[in-house]
Number of protein chains: 2
Amino acid sequence: MWSIFDFFDTIFRVNDQAKQALQEIIREKTYSKNEIIQAIGSRCRTIYFVKSGGARIFYYKDGTDITEHFAFDNDLIVRAESLFTGNPTSKGIQAIDATRMLAIDSEKLFHLYDQHHDLERLFRLIFEREYVNTVKRLESLQFKSAKERYLELLDTTDFVQKIPLKYIASYLGITPVSLSRIRAGID
Amino acid sequence: MWSIFDFFDTIFRVNDQAKQALQEIIREKTYSKNEIIQAIGSRCRTIYFVKSGGARIFYYKDGTDITEHFAFDNDLIVRAESLFTGNPTSKGIQAIDATRMLAIDSEKLFHLYDQHHDLERLFRLIFEREYVNTVKRLESLQFKSAKERYLELLDTTDFVQKIPLKYIASYLGITPVSLSRIRAGID
DNA sequence: CAAAAAAATTAACAAATGATAAAAAATCAA
DNA sequence: TTGATTTTTTATCATTTGTTAATTTTTTTG
């Protein structure tokens, strides 16, 4: 049977005690389409992995809903600026589809780091990967045109079909109208 | 006398053996203005902390020099997409000014993680902060206007005066001409 | 210091993107 | 299924940013 540990093992194989301890703080949760998983203004104290379905991190800028991040199969989803600082964040998490999540309480996990060096290493490596993804995305936003960014997204992300275009637009840093225009210009 | 450990201690206080082991792999290096510290195309195997002066991460997109990152006093500077993957990167590091750096060999450091849990924790926390900074910058690039981004940079970064405007322009994702226009429009 | 080179500004026009409104298409809910 | 709602597209015009080129200012170097 499939388990998140198959995925963890591809990153770093932890010893059995660590695995057991981690196992004990993992909970499975299900969300319906469009359900708010974590509210805007809350603190990030949960580390989610998408088991099925998908979710997004979003916030409002001048009343406009902006999608900052997408997550699908096996992807991690956390609001880093809160998780790693303890500060509340103006970002929320919402299910894009009917979604099953694995949820890890971050405070419990961080405590386990003291007893299980292996867990600290596993999650260090997981978050390093996430950090690298963020740098790549930065690069894309900094100097690529909206059209380039859209084509790149089509190219690198499976599941694009599952995402409403209005979410994709703000993710790319443009308006839905602009995205329509760009799509119309591609044959 | 001032030491980088004063800074490290504000993040996480490591035990004496760890401190000693880390001390042994720190080297001080000096660079002259505009000197290339790490060449484009190389692998990132060094973690730098700026002791004095400043540096930037840059790359070329369609022949145009783009600055991705600035670092000044006490700031960390690494090319994460290479450091954490082992892959070569198309980005380089250049001194903006006469600069003194503390340089840590990353391979040696990563090996020390096995013997010194404390060091793994210290650097995990350091890179988590850096990750949070990157997320903030992403937010800025995704939906703020060039003028907003410029004002934000003025507001949050000391040392702006030390940076040539051409570097600032590409950092903001705009051309130098555009930046001049924005500056002309501020009274 | 003076000449040369590099950086920054200004101007004029082009291209990309935003804003608003209306129409068409897709989705949702009774 | 059907009417209502939401999403996407299309169109028009405004604004922002890019491009090129010329000019001014600053920095570098002999």
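FYI, side chains are in, hydrogens and waters are out, and symmetry mates aren't considered; it's all heavy atoms of this structure. Letters A, B, ... are given to chains in the order of the sequence lines, protein chains preceding strands, and every chain is numbered from 1. Given the structure is predicted, the values throughout are model-derived calculations rather than measurements.
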Ranking A:Val177 and A:Leu165 by the position along DNA chain D of their nearest nucleotide, the one closer to 5' is A:Leu165
Once the angle between the rings of A:Tyr31 and A:Tyr48 is folded into 0 to 90°, is it parallel (under 30°), tilted (30 to 60°) or perpendicular (over 60°)?
perpendicular
For B:Phe49 together with B:Phe8, are the ring centres under 6.0 Å from each other?
yes
For D:dT17, does either OP1 or OP2 sit under 4.0 Å from a side-chain N or O belonging to B:Lys147?
no
For the side chain of A:Ala146, starting at C-beta, report the closest nucleotide among C:dC28, C:dT17, D:dT10.
C:dT17
Please report, rounded to the nearest Å, how far the P atom of D:dT15 is from the CD1 atom of B:Ile182.
16 Å
B:Phe143 CZ - C:dG18 C1' separation (whole Å)
10 Å
In whole Å, I'd like the distance from the CD atom of B:Glu148 to the P atom of C:dG18.
13 Å
So which atom in A:Arg43 and which in A:Gln38 form the shortest heavy-atom distance, rounded to 0.1 Å?
O-OE1, 3.9 Å
Nucleotide D:dT6, atom P - distance to CG of A:Asn34 in whole Å:
12 Å
Are B:Phe127 and B:Val14 connected in a single hydrophobic cluster, I mean Ile/Leu/Val/Met/Phe/Trp/Tyr linked by side-chain heavy atoms less than 4.5 Å apart?
yes
Euclidean distance, atom CG of residue B:Leu179 to atom P of C:dT9 [Å, nearest integer]
7 Å
Between A:Thr85 and B:Arg129, is there a side-chain donor-acceptor contact under 3.5 Å, judged purely by atom types and distance?
no
Measure the distance from NZ on B:Lys166 to P on C:dA8 and round it to the nearest whole Å.
7 Å
Side-chain N,O (B:Ser180) to OP1/OP2 (C:dA8) below 4.0 Å:
no
Report yes if at least one side-chain N or O of B:Lys33 is closer than 4.0 Å to OP1 or OP2 of D:dT27; otherwise report no.
no
What integer distance in Å separates B:Arg181:CZ from D:dT23:C1'?
16 Å
In this structure, how many angstroms lie between the C1' atom of D:dT7 and the CD1 atom of A:Ile168, rounded?
13 Å
Between A:Lys144 and B:Pro164, whichever has its closest DNA chain C nucleotide further toward 5' is B:Pro164
Name the closest nucleotide to the A:Ser178 side chain, picking from C:dT17, D:dT20, D:dT8.
C:dT17
